[in-house]
Participant: 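This is the structure I want to talk about, given as structure tokens.
Letters go in sequence order (proteins before strands), and every chain restarts at 1.
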Protein chains: 2
Amino acid sequence: MTSITASFDQPPTTAEEEAYLYLQKGLRLCRYKPGDRLKPEEIAAEIGMSRMPVREAFRRLAAEGLVTLRPNRGCIVAGLTLDEIYEIFEIRSVLEGLAVRLAAPKMDPDTFLELEQLLDRMERAGQAGSSDWVVRHQEFHALIYKLSGRPKLIRKINALHVVIEPYMRIWFDYADKPLSAREEHERLIRALAQGNALQADQIMQEHILGTAPLLAEFASPGRR
Amino acid sequence: MTSITASFDQPPTTAEEEAYLYLQKGLRLCRYKPGDRLKPEEIAAEIGMSRMPVREAFRRLAAEGLVTLRPNRGCIVAGLTLDEIYEIFEIRSVLEGLAVRLAAPKMDPDTFLELEQLLDRMERAGQAGSSDWVVRHQEFHALIYKLSGRPKLIRKINALHVVIEPYMRIWFDYADKPLSAREEHERLIRALAQGNALQADQIMQEHILGTAPLLAEFASPGRR
DNA sequence: GATTGGATAAGTGGATACAAAAATCCAGAA
DNA sequence: TTCTGGATTTTTGTATCCACTTATCCAATC
């Protein structure tokens, strides 16, 4: 249905697009690790093109903060310090808080039902220990954000999610998240159903800032 | 001192960098208008390089939302609809609110003094009708944000400022801003001086959302 | 007069080539 | 052994070239 991360709907139309998606995927799946050097020639060979489109893809990724580009020094996978992870969570908290605040007045019974169903599926997936939980969780949040009707805001939120995905992945793999998150999610949709925008905002901010310390615990070893 | 917008400190080290700064400047100063088509060849000729670095600069600008890039259709200067301007102001309000909230605990007497001095200079520039007001105003805000100690947050705020600069420019030229803003600025630094983070956040959000309608008034005619 | 089809021009995307910069390697000296 | 300086290799930055897509223009047709 609605994916929180960028749409992979249509196949890439240009080589640059293909390179961009290929690299983004590699970064999100941790195929490339922080500090790794991405060599244009190598990557170009992997996907069967010349260095040029790859270089252009680098520029985009750099603008999104996924890699660092230094003149004559090539492209380095950007890592996040603990402070930076926290900072991104702070930013997320206000952006996603804003999104739910704006979504609250647009809540309708149909959407409420859909959200409850997603919660149920999350619950089941969580109990089964299925990785499906992550996907449903993203759908749950994406659905709410979409309600806000703010495309630019949603783009910014998604961009941040891509940046922290490698760190979230560590967390998802080890932490016992479904239990802790469940109650907050229910409080959230209840506030939304009541049209209590400020409370929903508040819950979302706590929801996000609450996960930051947990994540730091897993992200810290081996991080600069 | 501290400039709110990107640093023009050192001269560009690569042709791509030069193209990027050249284009960004052109966009900020409204030399290129929304809907204009930017032809790589033309621009490359203007600054004495080939199309390649210009194309790469386009990618960065596109990632920042300043231009739109469509396959085989070239590079179009992005315009903002009224809705999009509002949306950006909403995003700004929470981001800059967060920045002052985080700045509050780090406030010290020296900085307070510096802020007051900047307010005075703004006051004088405003009464003289000098465009200096805009620069001081940016310095004032930049100083507070810097206090927050959140580099990524500051970068995001600055990026948004670049996007709306052409619209702010219209507003600065016509509106009677110093009078309306003065009181809010004073309330802001008073809240900061008292370490009242939440109140400072609140004031900042109101400060930003309050200017949005004024700006829309000027931005609307002729905008799609 | 408006519309359509196709020739022509303009522009874009990508590969290759080449110069310049950085990284690497290795021999010789301390 | 460790450090240093320079030659070699690798990699990056940019220009140029070619193929292909899109835009423009003009004439033939309705």
Participant: A:Phe58 has an atom CZ; how far is it from atom P of C:dG14, in whole Å?
Facilitator: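 Going from A:Phe58 (CZ) to C:dG14 (P), I get 15 Å.
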Participant: Could you tell me whether the side chains of A:Glu64 and A:Tyr20 share a donor-acceptor contact shorter than 3.5 Å?
Facilitator: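 Yes, side-chain donor-acceptor contact under 3.5 Å.
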Participant: Relative to each other, are the rings of B:His141 and B:His207 parallel, tilted or perpendicular (30° and 60° limits)?
Facilitator: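 Ring orientation, 0 to 90° scale: parallel.
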Participant: Both B:Glu42 and A:Met52 contact DNA chain C. Which one's nearest nucleotide lies toward the 5' end?
Facilitator: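 Nearest-nucleotide comparison on DNA chain C picks B:Glu42.
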Participant: In whole angstrom, give the distance that lies between atom CZ of B:Arg70 and atom C1' of D:dT22.
Facilitator: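 These atoms are roughly 11 Å apart.
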Participant: With the side chain of B:Asn72 defined as its heavy atoms from C-beta on, choose the nearest nucleotide among C:dT12, D:dA15, C:dG14.
Facilitator: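 Taking heavy atoms from C-beta onward, the closest nucleotide is C:dT12.
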Participant: Take atom CD of A:Glu17 and atom C1' of C:dG14, then tell me their distance rounded to the nearest Å.
Facilitator: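 Result: 15 Å.
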Participant: Where the side chain of A:Arg55 is defined as all heavy atoms beyond and including C-beta, which of D:dT12, D:dT21, D:dA15 is the nearest nucleotide?
Facilitator: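 Of D:dT12, D:dT21, D:dA15, D:dT12 is nearest to the side chain of A:Arg55.
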Participant: Respond yes when some side-chain nitrogen or oxygen of B:Arg37 is under 4.0 Å from OP1 or OP2 of C:dT12, and no when none is.
Facilitator: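 Indeed, a polar side-chain atom of B:Arg37 lies that close.
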Participant: Less than 6.0 angstrom from the centroid, inside 45 degrees of the normal: does A:Arg92 satisfy that with respect to the ring of A:Phe89?
Facilitator: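 Judged by the rule (NZ or CZ under 6.0 Å from the ring centre, within 45° of its axis), A:Arg92 counts as positioned above A:Phe89.
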Participant: Please pick, from C:dG11, C:dA15, D:dT11, the nucleotide with the shortest atom-to-atom distance to any side-chain atom of B:Lys39.
Facilitator: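 For B:Lys39, the side-chain atoms sit closest to C:dG11.
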Participant: Taking NZ, NE, NH1 and NH2 as the nitrogens, is one of them in A:Arg31 or A:Glu46 under 4.0 Å from a carboxylate oxygen of the other?
Facilitator: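 Here A:Arg31 pairs with A:Glu46 in a salt bridge, since their nearest N and O are under 4.0 Å apart.
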Participant: Can A:Glu56 and A:Arg60 be counted as an ion pair, charged N to O under 4.0 angstrom?
Facilitator: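 No, no charged N to carboxylate O under 4.0 Å.
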Participant: How is B:Arg73 classified with respect to the nucleic acid when contacts are heavy atoms under 4.0 Å: base, sugar-phosphate, or nothing?
Facilitator: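 Counting heavy atoms under 4.0 Å across all strands, the contact made by B:Arg73 is with sugar-phosphate only.
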Participant: B:Met49 has an atom CE; how far is it from atom P of D:dG13, in whole Å?
Facilitator: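 Those two atoms, CE and P, are 14 Å apart.
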Participant: When the distance from CD1 of B:Ile76 to C1' of D:dA23 is rounded to whole Å, what number comes out?
Facilitator: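 Interatomic distance, CD1 of B:Ile76 to C1' of D:dA23: 13 Å.
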Participant: Find the distance A:Glu16:CD to D:dT21:P and express it as a whole number of Å.
Facilitator: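 Between P of D:dT21 and CD of A:Glu16: 18 Å.
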Participant: Which listed nucleotide (C:dA21, C:dG13, C:dA17) is nearest to the side chain of A:Arg51?
Facilitator: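 For the A:Arg51 side chain, the nearest candidate turns out to be C:dA17.
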Participant: What integer distance in Å separates B:Asp36:CG from C:dG11:C1'?
Facilitator: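 One finds 17 Å between C1' of C:dG11 and CG of B:Asp36, rounded.
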Participant: Given atom CD of A:Glu56 and atom C1' of D:dG13, what is their separation to the nearest angstrom?
Facilitator: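 Answer to the nearest Å: 13 Å.
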